[in-house]
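Residue numbers start from 1 in every chain, and the chains themselves are labelled A, B, ... in the order their sequence lines are given, proteins ahead of strands.
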Amino acid sequence: MKKEREEDLELNLTGEETTSESGEVKPKWYKRIRKGITTSTTDKRETPEGLWSKCPECNYICTTTELKENLFVCPKCNHHHRIGSNEYYDFLFDGEEYIELFDNIISKDFLNFTDLKNYQKRLDEIHTKTDLKDSMRIATGKVNGEGLVIACMDFEFIGGSLGSVMGEKFSRAVDYCIEHKLPYLVISKSGGARMMESAFSLMQLAKTSGKLSQLSDAKLPYISLLTDPTFGGISASFGMLGDLNIAEPGALIGFAGPRVIKETIKKDLPEGFQRSEFLLEHGFLDFIVDRKLLKNKLHDLIVLFRN
Amino acid sequence: MPQYPNRQFLDFEQPIKTLYEEIEKLKQTAEKSKIDMSDSINKLENAIVEKRREITEHLTPWQRVQLSRHPDRPYTHKYIEKIFNHFIELHGDRNVRDDKAMVGGFADLDGETVMIIGQQKGINTKMRQQRNFGMANPEGYRKALRLMRLAEKFNKPIITLVDTPGAYPGLEAEERGQGEAIARNIYEMIRLKVPVIVVIIGEGASGGALGIGVGDKVLMMENTWYTVISPESCSSILWRSWDKKEIAAEQLRLTSIDMKGFGLVDEIVPEPVGGAHWDYAEAADTLKKYIKKNLAELKTIDPVKRIDQRIEKFGKMGFWEELTAEQAASR
């Protein structure tokens with residue numbers, strides 16, 4: 001029986017470092033107190049051998065090298081760890097080779113939005129701390145020899161939130177697909193819309209849907225891969241609009257977050273609620289795919305769509 | 001429209017209530033003493049209108065949100081009754097059930113058939129529950145889409161009236177694919193072959209609003225709000241407290257004036273002095289004029305071009321910075 005991990009998904013959208021990759025809350029003493037220490041994401045990837053990683057689902061301990069070789073899937077319980085665009089691109093594209101597109105588009109604080117922190121300041125901080133420019137990256141390369149454009153979200157960047165930059169990059173990626181006659185894969189991992197961009201973020205739902213209708217007119221396949229977690233504005237737009245909607249096992253996917261639903265209905269949620277398997281059962285997914293099978297399956301699909 | 005003493009007053013509307021009470025006192029005195037007090041009563045009635053103007057001249061964003069939720073505010077059915085003739089309500093999504101938070105049907109707009117669709121809030125406690133406070137379930141959005149397709153088939157323009165605190169965040173809503181239902185509506189609405197006019201008549205909360213909110217023209221009534229999240233929820237998430245709703249409302253820039261300024265909506269529909277709840281007929285009359293004017297404009301455009309323009313309109317929305325190659329490299 002799978003134990004339900006409790007996670008405040010909305011909290012990820014605040015842009016504060018509240019959770020680790022595994023969804024565990026970081027203890028306060030773990031926080032970086034000295035300023036000016038910055039390690040870029042690319043450097044961080046090279047984890048020294050001998051470091052151990054504990055599976056948040058089954059507590060199985062293995063080396064990070066072993067975990068990486070296993071595509072960040074727990075060798076014991078098959079729990080799919082949350083990973084970023086770098087990791088997906090590395091194992092999906094042949095020879096880890098790909099061209100990144102539109103990475104010169106970055107967010108700005110048009111509304112001068114200030115919650116507990118100013119939005120621009122928040123953006124500047126993340127830009128200093130990581131190599132990420134926003135919550136979505138676009139890349140193109142070959143998957144077992146077949147050309148593909150992949151838009152992939154990074155949960156690390158304000159909870160993978162959907163803002164103007166994601167909307168614009170998504171749109172340009174569609175244009176690129178149409179121009180080069182390439183299929184489109186979007187890997188979603190997001191808490192929802194970016195509140196600091198207010199109504200502008202909401203309008204991205206319509207903007208991206210409009211672009212998808214152009215992709216559809218060009219008869220190019222659009223595959224939506226939903227990973228843990230995918231909520232709000234993503235599931236209420238392009239996340240659910242794939243020619244095929246597929247998901248990684250055990251991913252939490254929904255419109256409203258579990259906490260909000262619980263507060264609304266004042267009842268505990270059934271086990272497995274909003275998990276990939278639940279969505280498949282209710283008819284909203286075409287299939288669930290293990291990360292290790294993803295690349296070959298994508299290749300097969302591209303060929304089937306074309307022939 | 002409720003009349004005093006059945007009217008309800010928001011906290012910042014209390015001075016108006018005081019004036020009504022004074023009138024009431026004068027009327028009682030006049031009746032008892034048989035003295036004509038109509039002059040004083042008239043003066044006070046004028047003072048009420050003046051007070052309405054005064055109060056709404058400098059509204060904070062949060063007060064605007066309060067007005068959009070005013071218990072006496074006209075809802076979708078009221079506007080339908082006042083603007084159209086021969087409204088025939090159509091029910092059901094042909095799949096699960098009839099969602100009473102979403103209403104729609106054919107109606108006559110001065111000789112022209114249109115499809116009218118909108119969220120409906122209840123007018124009393126029992127009705128509010130039945131209407132689920134204007135929070136539609138997936139079948140509500142699917143009913144709306146069914147009606148839109150019906151309109152498209154018979155080449156009738158579509159008018160949607162948005163008034164929702166959000167799509168319903170319930171267990172069954174998730175089971176039946178709330179996200180998918182809204183996504184499908186947005187996707188289909190952007191390519192409808194007939195003219196689509198959207199009017200925010202009350203609350204425009206996030207995906208629940210956009211689920212019937214994609215159109216050639218998007219109008220906002222003066223005292224409404226439209227953004228990605230309610231100020232309360234925004235406060236609870238970003239400020240980790242429910243008490244910052246006023247600040248959240250300011251920061252979100254959710255009023256009709258802001259939205260028009262950003263180019264995210266096309267026009268603001270003026271309301272009667274003090275808000276639409278003071279005069280249903282006047283509110284509906286103004287709205288009707290705006291709908292007719294926009295509809296006449298839209299009908300002159302070729303359907304294919306209209307769809308292209310709709311996609312382009314939403315395609316332009318957003319703000320970002322585009323770095324040059326050198327700038328990008330130096331980062």
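Using a 4.5 Å cut-off between heavy atoms, B:Ile311 touches chain A through its side chain atoms alone. For A:Phe284, the part sitting under 4.5 Å from any heavy atom of chain B is the side chain, from C-beta outward, and nothing else.
Note that OG of B:Ser236 is 7.5 Å distant from CD of A:Glu263, once rounded to the nearest 0.5 Å. Here the straight-line distance linking atom CD of B:Glu180 with atom CZ of A:Phe255 works out to 12.5 Å at 0.5 Å rounding.
No more than 12 heavy-atom neighbours from other residues, nucleotides or ligands sit within 6.0 angstrom of CD on A:Glu281. In this structure, B:Glu172 places its CD atom where only 12 or fewer heavy-atom neighbours from other residues, nucleotides or ligands lie under 6.0 Å away.
A donor-acceptor pair under 3.5 Å links the side-chain atoms of B:Glu174 to the main chain of A:Ala256, judged by distance alone. The main-chain N or O of B:Leu252 is found under 3.5 Å from a side-chain atom of A:Ser198 such that the two form a donor-acceptor pair. Here the side chain of A:Thr264 pairs no donor or acceptor atom with the backbone of B:Gly170 at under 3.5 angstrom.
For chain B, the option among A:His282, A:Glu168, A:Gln214 with the highest count of heavy-atom pairs below 4.5 Å is A:Glu168. Chosen from A:Ala206, A:Gly283, A:Gly163, the residue pairing most often with chain B at heavy-atom distances under 4.5 Å is A:Ala206. Contact tally against chain B (heavy-atom pairs below 4.5 Å) for A:Val165, A:Thr114, A:Asp109, A:Leu205: the top residue is A:Thr114. Most heavy-atom pairs under 4.5 Å with chain A, from the set B:Leu238, B:Ile247, B:Leu254, B:Thr324: that is B:Leu238. Of the listed residues A:Ala236, A:Ser201, A:Ala193, A:Ser107, the one with more heavy-atom pairs under 4.5 angstrom with chain B than any other is A:Ala236. Across A:Gly167, A:Gly192, A:Ser237, the residue that shares the most heavy-atom pairs under 4.5 angstrom with chain B is A:Ser237.
Ring geometry for A:Phe200 against B:Phe262 counts as tilted: the plane angle lies between 30° and 60°, on a 0 to 90° scale.
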